[in-house]
4 protein chains.
Amino acid sequence: MADEPKHVGRPKNEAASTALKQAAIMLVREQGYGVSITAIIEAAGVSRQTLYNRWATKAELVLDAFFEQAQTQVSTPDLEGDAPRRRLLAIYLREVFGHVNSDGELLRTLLAEAQIDPGFRKVFFERFVSPRAEIVIDLLRDAQARNEIDAARDPELMTSMLHGALWYRLLIDQPLTDDIADELAGEIFRGGR
Amino acid sequence: MADEPKHVGRPKNEAASTALKQAAIMLVREQGYGVSITAIIEAAGVSRQTLYNRWATKAELVLDAFFEQAQTQVSTPDLEGDAPRRRLLAIYLREVFGHVNSDGELLRTLLAEAQIDPGFRKVFFERFVSPRAEIVIDLLRDAQARNEIDAARDPELMTSMLHGALWYRLLIDQPLTDDIADELAGEIFRGGR
Amino acid sequence: MADEPKHVGRPKNEAASTALKQAAIMLVREQGYGVSITAIIEAAGVSRQTLYNRWATKAELVLDAFFEQAQTQVSTPDLEGDAPRRRLLAIYLREVFGHVNSDGELLRTLLAEAQIDPGFRKVFFERFVSPRAEIVIDLLRDAQARNEIDAARDPELMTSMLHGALWYRLLIDQPLTDDIADELAGEIFRGGR
Amino acid sequence: MADEPKHVGRPKNEAASTALKQAAIMLVREQGYGVSITAIIEAAGVSRQTLYNRWATKAELVLDAFFEQAQTQVSTPDLEGDAPRRRLLAIYLREVFGHVNSDGELLRTLLAEAQIDPGFRKVFFERFVSPRAEIVIDLLRDAQARNEIDAARDPELMTSMLHGALWYRLLIDQPLTDDIADELAGEIFRGGR
DNA sequence: AAGTAATCGAGACGGTACGTCTCGTCTTTAG
DNA sequence: CTAAAGACGAGACGTACCGTCTCGATTACTT
């Protein structure tokens, strides 16, 4: 019977949200996560309260802004087709490496914030890390089903090694090239069977 | 033949340095890296300027304090002996996992700061990450020389996978057990030869 | 016809201003001009920024607080009436001496600050010294018009002597009694005509 | 019978005292009394402790430095001769005005410090103000004895007016010319007899 | 010649205050 | 209700001085 409240008062200005997200992503890219909230609202031409009406913390704002960007979306490998899974893994890694290379600084800073703020850590891993882990785990399980790798190995551990290598090299400023992607796939599928 | 300049002026009070490092490490463990400098100097019973006379930033103080602790020191595997290198690797990983498990929060927070402050990043990796990478690379090269793993594989990439898995699991709160250590060594030495 | 912009944003809390002025005047009276800004804001129960939102320096705050006090206001002598000007001058001097005696320490300290800070000096003399000088100069000119003192004498110089004597005796801790006031008036009007 | 203790230990380096006084007077002239002690010892090329070995406060140092300067010494009027005392007073005032004009800023700042620090106030008035007051009082008493001014008038009050006018005009940045000096003498001796 | 005592430079130290900055909340007027 | 503007309490930050202290070296008098 809920009385549809319809809507009361001045409607939210969507332009304000957009301006905030754009300002946030731009300033974080420029100056790192340390930018002040004041700087963000000034760049967005928006009042302080308007920001707090939408996001409780800087981290949530930046996360939202980050995920709105297309290049954070990975394409799921086609497990219906008949391509060798080693090849699919290499393609996937190359794609992810590309994203990371173009936005490494931002990722670094989000990862840092995730270590400091447990709430943010949860969201960051749910929305960013886990989906990617799932993709790789599925791919490796499929490879086991197709007998391309040994069924006794642990797909989750292999994923730790793959994504771990990715993060590790990002954090210590080592390159993430296509060759590295191929070699990583090779390491996992080494020995065949 | 340099004329040792002896020493000029009132000598630094070593007790103040020690008190600051102890207070820093204690408070960072308790409250995370976000503790205020004010809290640290109060806990140490030291003046603000005294801290700034010794360290330019909180990061440098915390880093110094951290490295003074014994449990950050790993024992280098004995490559003189005849033990299988797979076994030496597993032992090394178990030991490192132990340190990480007992000081995970602090490591997390230092890693985060390293992402934010490039100067600190450099120091952190030079003093903490690189030495560990070197140990593993040496061990793997030795294993190749002993024909325990294929000489064509890239020891540096394998190190990325091993330490990457370690950090990755730390960052996403996955367990780092002895079993995992053994499995990781198994993955690298899989197939033998 | 200027479009009154009305006012935007949260208005200043007048109570905070009042509390700051009261705290300032009280503490300066107690401890001298050297009181810390911190002590003032704590006594006023107000945040540090709130003070800086209103006054740029301690001197401006104290000056405002000082001038808000009734006892700094002198009553202009009645030059419409027919009283002897010598008598009006004596009355004026007695009144001013009274103020100075009750707030000598504060005046001393403001005068000192005026010597140190040129900006404050300007304001202090515009708001405090000049109005008083004007009153006496007007009175003396009127006395000259009424032929009570020689028209050839310089009213400005006589004012220097009168107010100078006042400050001089304040600064060297000599008494400022009603008798002195009368004698000073007597010195100026000596000889009559 | 006081056993002359002779002197023990390394004697004070007189050059250090001189350098400190010169640096102090120079910097106070340049930047006002607010110069830091650190700036003074650096300009003097002397250690911090050396300053404190000689003077307890900045005020005492500056005062010493100030009084060492020749132009602070006034010549006592010749009351032996037969010159009209009005003329002697005018000469004295011209001389003092000259000193004040050439060092007004420094005097201003010393006066300010005297208001803030009661100990310094005492010294300042004993060494600077009182001797000058004495000179004028003696002169005026002599004039009374010679029947040049009325014996019933109060020499001390007249001195307050004369020196008060001097300080007042200094403090409010009004000129102190030879003409003003003559006019002041004229005011005191007005009417003759 | 050895001992004693004070000075000097250099600079560390605890303390206090400063003015700026950020954060997240609150209070007003306007739409 | 929402927006813009900006005041507000809280409190950290890094800097500047202050006056004292500690050290090693130096310089003189005293024994």
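Side chains are part of it too, since the values below use all heavy atoms of this structure and drop only hydrogens, waters and symmetry mates. Chain identifiers are assigned alphabetically (A, B, ...) following the order of the sequence lines, protein sequences preceding nucleic acid strands; residue numbering begins at 1 within each chain. Predicted model only: the values in this text are computed from it and were never measured.
In this view, D/T38 and D/R48 satisfy the side chain to side chain donor-acceptor pair (under 3.5 Å) rule, not counting sequence neighbours.
Across the protein-nucleic acid pair, C/K12 atom NZ and E/dT29 atom P stand 16 Å apart, rounded to whole Å. Between the CD1 atom of B/I40 and the C1' atom of F/dG14 there is a distance of 15 Å, given to the nearest Å. Spacing between atom CG of B/N13 and atom C1' of E/dG11 amounts to 14 Å, rounded to whole angstrom units. If you measure from atom CD1 of A/I41 to atom P of E/dT22, you get 11 Å, rounded to the nearest angstrom. With rounding to whole Å, B/N53 atom CG is found 17 Å from F/dT22 atom P. A straight line from CG of D/L51 to C1' of F/dC17 spans 14 Å, rounded to a whole angstrom. Atom CG of A/L61 and atom P of E/dC23 are 12 Å apart (whole Å). Following rounding to the nearest Å, A/E42 (CD) and F/dA5 (C1') show an atom-to-atom distance of 12 Å.
Residue pairs meeting the side chain to side chain donor-acceptor pair (under 3.5 Å) criterion with at least one member in residues 14-23 of chain B, sequence neighbours excluded: B/S17-B/R54, B/K21-B/E68.
In this structure, B/L110 CG and B/E105 CD are separated by 10.5 Å, a value rounded to the nearest 0.5 Å. Here OG1 of C/T57 is found 9.5 Å from CG of C/L51. Values are rounded to the nearest 0.5 Å. For the atom pair CG (B/L111) and CG (A/L111), the distance works out to 6.0 Å, reported to the nearest 0.5 Å.
Residues A/I37 and A/Y52 meet the side-chain proximity criterion, which asks for heavy atoms closer than 4.5 Å.
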Close N or O pairs between protein and nucleotides 15-17 of chain E (under 3.5 Å):
none

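For E/dA12, the base has a donor-acceptor partner in the side chain of B/R10 [N/O atoms by modelled type, under 3.5 angstrom].
Between B/G9 and C/E14, it is C/E14 whose nearest contact on DNA chain F lies nearer the 5' terminus. Mapping B/R54 and A/A56 onto DNA chain E via the closest heavy atom, the residue that lands nearer the 5' end is B/R54.
You'll find that the side chain of B/T50 is closest to E/dG14, out of E/dG14, F/dA4, E/dT25.
The residues A/K122 and B/D173 are annotated as not salt-bridged, no charged nitrogen and carboxylate oxygen being separated by less than 4.0 angstrom.
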